[in-house]
Amino acid sequence: PDMQRDTMLGLALVGLTLCGVPCATAANTPPNFIIMLADDMGWGDWSRTGSPGRTPNLDTMSRADTAVWFQRAYSGNPICSPTRASLQTGRTPARTCIYGVEQHILCAEGKGGCARGEYGLANATRDSKDPYLSGFYGKWHLGSLSNRGVGSPDCYPKANGTNCQSGYWEVDDEGSGPGCCFGVDSHLDVSHPLNFGYDEFVATPECAASATTNCGCFFFPSPHNDTPCELGHYHQNPGQAPYNECMQYYAGNVSGPARTTKGATPSPPTAPGALSIEPLTYVSSVDDEAFLVDQVESLVRRAVAADRPFLAVVCFHGVHIPYVATPETRATYPGMTTNEQDYWGTITQIDAQVGRIRTLLTTLGVADSTWVSITADNGPEVNPAGGQGTGNFANPGLTGGLRGRKRDTTEGGTRVIGLVEGPSTLGVKHVPGGRVEPTFPIITSDLLPSVLDALGLPSHDGRHLDGVSMLPYLRGETVERPLSAGVGIHGIFSFGETNHKELPNGSYIYPDICPDHSNASALGDIPTNFSTPGNQPQVSWAEGNHLKIFGCRTKKSASGNGWQFFLYNLTSDRAETTDLWGSQRSTAQAMLQRLQAWHVDVLVSQGPSEMGCSPATPTPGPPTPTVPITPTVGMQNVKARCSDDSGNHLGTESGSAPNDCALHCKATSSCEFFSFSTGCNSCWLYTLCAPPHPLNPSMVYNWSTFELTRSGTVVR
């Protein structure tokens, strides 16, 4: 491999498992782990579900003798960052106060208002008796990766009277002068993979292209790079300059300077335990999936050569927007639009790297001792809908006939691909042609318990894990998920909020939103004080192999505090069409009570006795009434001013146009203005608790014009 391939490591496998205490390993060979996570990939987006996308390698993996296709695999949340937290920690993301994207870091001790740090996958392999080599590659989205400031290669000087390039934020470091630094996540504290036990990482802070990800960045002191960027269907107007927002890669290493330039040789460690985090200063390969697996291959080869076990986690950027396939891959989908070619081509490129990894493991003789798995962070964007990119291009994502989509806690938003190929050395059951499991549910938070189980380790500091080890199922020792291991998922969006269609007159229709009535409400079974951690308006709770209750808070508030609940049998009704609350009332009531007890336990984790990211006993209030909005350019004051000044950034949500951002801001408590990013089709929601602007004292918000000014100059 060339030196670029030697730069990092990684891979994201979503193995999942099931005993609450360590189980004995079947052999003395320590297991390896390769964990893969796709982004926004729908349950119906791969070949075995009838997808138009070609995924021969996923199909082959699913039919391996030690593999299981879990048809009820779930993401820990219907959106990105919370699921990624659940994958790392084995816990619901609410325990670490993560409800939305770029809203809260994965708790590192003493950072982001957290009293203690979370314990993740690489912490577990580091605590093993064996000398694991670990790496993380791809989309992190759990905190800022760098705050080097002016003088770093990811910053450039700002000329007077100019604005920063999209994706860059203005900074004014003492002694360095004004500059523009890459910082889509700069409002968050630094919280990166090295804080959670990884030896190396090559990662982006959030969404990025599935082609030429590091393209569009400045790489100061050189001028803006002129490398052609592959834009696929996003370059539809030859008469206009293509929009290409930088999505900066960073490399980190625990033992010395990270290798961040093409062809660089490793530098010796500067000091024991030194951390090095630097921006990559070259344009990555056109096929971003292949670039990430280059890093995985480097890690695996180095580990095998040193006779060390390994953990590689890779979080692909595809098929989140901007999804862009290579021209060669697009050409394999004739007869489709360029948009469709890019989408299904990106799926095929992910698939190709799954095959590459499995071939590598076989070639190196470690396939029988390596756990390989893949899942996704949430369901797909779909069309017609108001999700990211859908205002410009019809998103081809498929749920396979499941209800809802990304952002919903119904099946379409959280049921995802779930393939686990267990290692023979852990005693995994061999079945020729693999197993298809239609009812046994797994979730991303099952991954850490599985790794702990395989390593013979207990829960860190006795912390409660929401996931369970899946090894008993993989070994054929159990067929039913324990009742005590309920699958709980929250959602920060109102149900159906983005599953809307714009009419020709500019208004919207919402075909599937939270209803204002239910059997549970009619029977008086909904507690008037029901609430969720973080006051999130959606929740689902599944128990055993068949039943699930779904709850949503209606904005009409027709009963109690606006909550409605429904009971579904997912074995006979995977599309969630028939509410069984009335006919199985006692079962439903018992499940709701266990859900409430779980919420109490989650709030304890948030409190000072554990994570310290929230008061010990928060008491969420009812939804804040909204007021009519008058669109303005760039931002909008739609709420009364908040009462504290702890920070002004509420989070980042998806949107395909400024009007979507206005709707998000209108529905978000304390939101006072928003900005719209066309690069990621994202809405940045803010509250201004007290002028001047909390991020920059020279900024002042004008309440009359809804404009943000710096020294009298309108900046947004």
Side-chain angles (χ1 to χ4, degrees), residues 37 39-40 75-89 93-94 96-108 111-114 118 138-147 154 166-169 171 181-193 195 203-208 245-250 315 317 320-322 377-378 387-388 406-407 490-493 498 534 536 613-614 635 646-655 660-661 664-665 667-688 694-695 716:
L37 186 74
D39 197 335
D40 284 10
S75 58
N77 197 269
I79 58 174
C80 178
S81 299
T83 291
R84 293 166 196 275
S86 73
L87 183 149
Q88 294 290 339
T89 67
T96 195
C97 298
I98 296 179
Y99 311 126
V101 296
E102 295 152 47
Q103 160 261 334
H104 198 286
I105 67 169
L106 183 61
C107 276
K111 294 184 177 182
C114 302
E118 270 288 10
K139 180 176 176 178
W140 176 242
H141 220 185
L142 292 169
S144 179
L145 295 179
S146 175
N147 61 355
D154 56 345
S166 186
Y168 288 75
W169 291 69
V171 296
C181 293
F182 179 77
V184 293
D185 59 349
S186 62
H187 58 283
L188 295 175
D189 277 2
V190 173
S191 181
H192 51 67
N195 294 137
T204 59
E206 55 138 290
C207 67
E245 185 172 349
C246 168
M247 289 299 166
Q248 180 72 59
Y249 263 120
Y250 289 86
C315 295
H317 292 111
H320 193 292
I321 67 159
D377 65 343
N378 46 250
Q388 292 175 306
K406 176 180 177 179
R407 302 177 195 85
H490 298 107
I492 198 171
F493 283 82
T498 57
Q536 299 176 85
C613 61
S614 176
M635 60 181 58
S646 59
N648 80 319
H649 185 263
L650 297 174
T652 306
E653 305 298 353
S654 62
D660 288 338
C661 300
H664 288 320
C665 191
T668 302
S669 178
S670 299
C671 181
E672 296 184 301
F673 71 91
F674 68 85
S675 64
F676 173 61
S677 166
T678 57
C680 276
N681 288 83
S682 297
C683 303
W684 294 71
L685 308 183
Y686 299 89
T687 180
L688 282 175
L695 289 183
R716 282 191 184 276

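Below, all heavy atoms of this structure are taken into account, side chains as well, without hydrogens, waters or symmetry copies.
- Between the side chain of Ser81 and the backbone N or O of His141 there is at least one donor-acceptor pair closer than 3.5 Å.
- Residue Cys97 comes nearest to Gln103 through the heavy atom pair O-NE2, 2.9 Å, listed as atom of the first residue, atom of the second, then distance.
- Inter-residue side-chain proximity for His317 and Asp39 is flagged as unmet; no heavy-atom pair is nearer than 4.5 Å.
- Residues Glu102 and Pro205 are not in side-chain contact: their nearest non-hydrogen atoms beyond the backbone lie 4.5 Å or more apart.
- Considering only heavy atoms from C-beta on, Leu87 comes within 4.5 Å of Leu37 through its side chain.
- Of all the heavy atoms in Gly491 and Gln536, the pair that sits closest is O-CB, 3.3 Å.
- The closest side-chain heavy-atom distance from Val190 to Leu145 is not below 4.5 Å.
- Between Lys406 and Asp377 there is no salt bridge, since no side-chain nitrogen of the basic residue lies less than 4.0 Å from a carboxylate oxygen of the acidic one.
- Put simply, the residue from Thr83, Leu142, Asn77, Thr89 that forms a side chain to side chain contact (heavy atoms under 4.5 Å, CB included) with Ile98 is Leu142.
- The side-chain heavy atoms of Glu118 and Ile105, taken from C-beta on, include no pair separated by under 4.5 Å.
- Annotation: the span from Asp189 atom CG to His104 atom NE2 amounts to 9.0 Å, rounded to 0.5 Å.
- Considering all non-hydrogen atoms of both residues, Ser86 and Gly76 come closest at OG-CA, 3.6 Å.
- Formation of a donor-acceptor pair under 3.5 Å by the Trp140 side chain with backbone atoms of Ser191 is found in this model.
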- Query: Does the side-chain contact (heavy atoms from CB on, under 4.5 Å) test come out yes or no for His320 and Cys80, once each step is laid out?
  - Reply: CA-CA 10 Å; His320 193 292; Cys80 178; 5.8 Å; no
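- Nearest heavy-atom pair across Lys139 and Glu206 is CG-O, 3.5 Å.
- Cys107 does not pair with Cys613 as a disulfide, the SG atoms being 2.5 Å or more apart.
- When all heavy atoms of Tyr99 and Ile79 are compared, the closest pair comes out as O-CD1, 3.9 Å.
- You'll find the side chain of Asn195 stays beyond 4.5 Å of the side chain of Leu106, heavy atoms only.
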